[in-house]
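Reading through the structure tokens given below for one structure.
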Amino acid sequence: MTDFILNLIAWGGYFGIFLLMALENIVPPIPSEVIMGLGGMAVARGNMAMIPLILWGTAGTTIGNYAWYAVGRYIGYERFRPFVDKYGRWLTMEWRDVERLHLFFVRHGGWVVFVFRFMPAFRTMISLPAGITRMPLARFLIWTFAGSTIWNAILAYAGLWLGANFEAINRYVGPAAIAMTVLMVGGYLWRVFTWKPRRDR
């Protein structure tokens, strides 16, 4: 994966960063930590400039998240109900939970989208409910771009600070992302196995 990222960056430059960051948000296994970290290292070697790197990377992040927003908007709020009724156990929610989530997102969706940009996995997943609740597109894009700019800048400057020492960034950022993912998966499985519909409580 690292060789693929390096080759694409070398081939495409800023556009390669844009494409990788868009894919990272559509196919989450491609890690933004590595993409922007390597971009920062390219800045340290004089092959890129920091501001264009962050802007191109954030543009890719925004486009990738828009893809999931568009899916959610296509599904829509009411069309989501049969899916919840059928797969409520795996979603660990009932329709009344969705109604509460919908109301909360309508009221506070902007800052929720912004904050979730700093969370592994959730930064992509949050785009789906944003679309389902039909959050205004301009608002979604602004909050997504703002949060992603900060997150991508942190990663890029970490890469710049570490210079060409890829193993160092991989040693610390990689395990942290893996640990967060394991905790989220573990928490989800615990909810699945302990969740009961309210009518059964």
Side-chain angles (χ1 to χ4, degrees), residues 1-71 110-128 130 137-185:
M1 171 110 26
T2 301
D3 290 338
F4 169 74
I5 295 171
L6 285 170
N7 290 336
L8 190 53
I9 290 175
W11 169 78
Y14 295 117
F15 180 74
I17 292 288
F18 169 85
L19 185 60
L20 283 167
M21 292 300 287
L23 288 173
E24 188 268 338
N25 286 276
I26 298 173
V27 188
I30 303 176
S32 63
E33 293 85 358
V34 175
I35 299 167
M36 294 304 295
L38 289 173
M41 292 176 189
V43 173
R45 294 193 296 271
N47 297 328
M48 286 185 171
M50 182 59 75
I51 297 302
L53 168 65
I54 294 172
L55 291 177
W56 277 90
T58 301
T61 299
T62 303
I63 292 297
N65 278 280
Y66 171 74
W68 285 110
Y69 171 90
V71 170
W111 69 261
V112 172
V113 168
F114 176 82
V115 170
F116 271 50
R117 293 303 161 205
F118 305 97
M119 300 181 183
F122 285 118
R123 60 175 174 260
T124 297
M125 292 169 53
I126 196 62
S127 302
L128 195 60
L137 178 58
R139 188 180 175 200
F140 171 78
L141 294 176
I142 289 171
W143 283 107
T144 296
F145 193 89
S148 300
T149 299
I150 297 172
W151 175 247
N152 290 338
I154 291 171
L155 296 176
Y157 275 103
L160 176 64
W161 180 69
L162 291 169
N165 189 358
F166 173 76
E167 291 301 323
I169 192 173
N170 198 43
R171 187 180 305 128
Y172 296 107
V173 178
I178 292 173
M180 182 68 72
T181 301
V182 169
L183 286 174
M184 289 188 299
V185 171

What pair of heavy atoms forms the shortest contact from Asn65 to Ser127, and how long is it? OD1-OG, 2.7 Å
Point-to-point distance, once rounded to the nearest 0.5 Å, from CG of Leu19 to CD1 of Ile63: 11.5 Å
Starting at OG1 of Thr58, measure out to CZ of Phe18 and round the result to the nearest 0.5 Å. 11.0 Å
Quick one: pull up CD1 in Ile35 and CE in Met21 and give me the separation to the nearest 0.5 Å. 5.5 Å
Of all heavy-atom pairs between Gly39 and Ile17, which one has the smallest distance, and what is that distance? CA-CD1, 4.4 Å
To the closest 0.5 Å, what do you measure between CG (Leu141) and CZ (Arg139)? 12.5 Å
Looking at every heavy atom in both Val113 and Ala130, which two are closest together, and how far apart are they? CG2-CB, 4.4 Å
Using the ring pair (Phe, Tyr, Trp, His ring centres under 6.0 Å) rule, pick out the option among Trp151, Phe145, Trp143 that qualifies with Phe114. Trp143
Angle class for the Tyr69/Phe140 ring planes (parallel below 30°, perpendicular above 60°, tilted otherwise)? parallel
To check you understand the geometry: which heavy-atom pair defines the closest contact between Leu53 and Met48, and what is its length? CD1-SD, 4.0 Å
Does the Trp56 side chain pair with the main chain of Gly13, one donor and one acceptor, at a distance under 3.5 Å? no
Side chain to side chain contact (heavy atoms under 4.5 Å, CB included) partner of Tyr66, chosen from Thr144, Leu137, Ile26: Leu137
Could you measure the distance from the OG1 atom of Thr61 to the CG atom of Leu20? Nearest 0.5 Å is fine. 10.5 Å
Identify the heavy atoms of Ala156 and Ile54 that sit nearest to each other, and give their distance. CB-CG1, 4.3 Å
Spatial distance of atom CG (Leu160) from atom CE (Met50) [nearest 0.5 Å]: 4.5 Å
